[in-house]
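Structure first, then comments.
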Amino acid sequence: MTDSSSDTHKTGQAMWGGRFSDKPAELMQAINVSIGFDKRLAAQDLAGSRAHAAMLRKAGVISSEDEAAIQGGLQTIGDEIDAGTFQFREEYEDIHMNVEARLRELIGPAAGRLHTARSRNDQVALDFRMWVRDACDRTGVQIRALQAALLAKAEPHAGAIMPGFTHLQPAQPVTFGHHLMAYVEMFGRDASRFADARARMNESPLGAAALAGSPFPIDRHMTAQALGFDRPTANSLDSVADRDFALEALAAATICATHLSRLAEEIVIWMTPQFGFIRLSDAFTTGSSIMPQKKNPDAAELIRAKVGRLLGSFTQLAVVMKGLPLTYSKDMQEDKVPTFEAFDALELSLRAMAGMVADLEPNTDRMAAAAGAGFSTATDLADWLVRELNLPFRDAHHVTGAAVKRAEQLGVDLPNLPLAELQALDPRITAGVYEVLTPQASAASRKSYGGTAPDQVRAQIQRWKELLG
Ligand code: ARG
């Protein structure tokens, strides 16, 4: 059967139907077709084809005329896709055959030479790898934008006292800037995870062909370089069988989503009237259709939830890849939807979170008041007893516990517990102790590197400003 045979001419069979005499069942086509989603690989597919054609010409595998025709046709296809006039057709199965079929319409039989020394197996491995690489780069940029938003909010509030929590119980006073900077650190590690994954995946699988390499005198270094890779992959079987680059990117994405989820949860908590630590404007809240007083942090809640989708995507791909024999199997076509969905969700979440962070306004009075509640400077009292009276920390802890108990009985907080009460616990306690019992003094005293003292927080903000440029 030839390409011009009427039955196969208008289907993907034109590309592979030589030994077939019947058309695929409709159900076969329905389960096989991927153009609905892999059209998102169009730009990568065209770039790969351009590099491949240039290399084939340089290697003397195709003529200059054929290469020129192919490059011209690919250019037209790119323009059509950009203009939205390209017809993606299910009968051509996937993006690779859609492009090739259109190329044939545009330039005739020379189009058939483009697939020399190439298979859809290395083609899809290439396209998908480049897509994931781009996604890592985009995500990196969005993480930096979120970090910049956090920094901008942290800087004016480097000294704004708020309660620090463990077990969501008031623990020790910290500053709002310090709390926000904790997320700058987390997102910094996320960005570096994407950068690491990118560096590891940056090898070109093009030229592995179906699985075993090619008998043509191809130059894989040339195509690798043209497509921005550091080098070609070193094993042709691995090249077409591997999807761990996507798994690694999804793992990084999932971890990043857990960080987003934690910050989102804190925003939800801080926004409750009971906490009242922050306000979000109308831009990032919604109302209730029945309760007129409501202002709900829906964006934060949705970001909090997205990690489910991200982890789901990672799990989906891990299960698809598990136990697959080398090399390519069609199972691997199921790699794309979860990956696309994961990055769509992550990128939207990162952008929404950056917007929300810029939007939120802390109620610093409320935070400061809460920071003084719950005997949050008890540790400072214990430390003072150790420093000034040379008590062993365990004894100081005990005396402080008794002071907290007494304050609770009297219904006052530690800074307002009368000196006589403290001296009843240890007569050597002096009025100097009150200097460490305010939340401000407590925070300011924690000057250890990375501690919550406003000067330390400002130093970290400065360091990050320089890092982010
Ligand atoms: N659409 C396929 C995928 O996404 C392309 C590779 C198909 N290769 C093959 N030999 N059937 O995995």
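When a ligand or atom number is given, it counts from 1 through the structure's own listing order.
Near S34, meaning under 4.0 Å from any of its heavy atoms, are these atoms of ligand 1: 1 (N). Short contacts between ligand 1 and K336, defined as distances under 4.0 Å to a heavy atom of the residue, involve ligand atoms 3 (C), 4 (O), 12 (O).
Judged by the 6.0 Å and 45° rule, R133 forms a cation-pi pair with F229.
Scanning the protein heavy atoms around atom 1 (N) of ligand 1, the nearest turns out to be Q333 OE1, 2.7 Å. Protein heavy atom in closest approach to atom 5 (C) of ligand 1: D94 OD2, 3.5 Å. Closest protein heavy atom to atom 3 (C) of ligand 1: Y328 OH, 3.2 Å. Of all protein heavy atoms, the one lying nearest to atom 11 (N) of ligand 1 is R120 NH2, 3.6 Å.
Residues Q44 and D134 form a side-chain contact, since some pair of their non-hydrogen atoms from C-beta on lies under 4.5 Å apart. At least one side-chain heavy atom of D335 sits less than 4.5 Å from a side-chain heavy atom of F128.
By the ring pair (Phe, Tyr, Trp, His ring centres under 6.0 Å) test, F340 is found to be paired with W131, residues two or more places apart in sequence or in another chain being considered. Residues passing the ring pair (Phe, Tyr, Trp, His ring centres under 6.0 Å) test with F187: none are found, sequence neighbours excluded.
No side-chain donor-acceptor contact under 3.5 Å links N202 to the backbone of R198.
In this comparison of D331, L211, N121, the heavy atom closest to atom 10 (N) of ligand 1 sits on N121.
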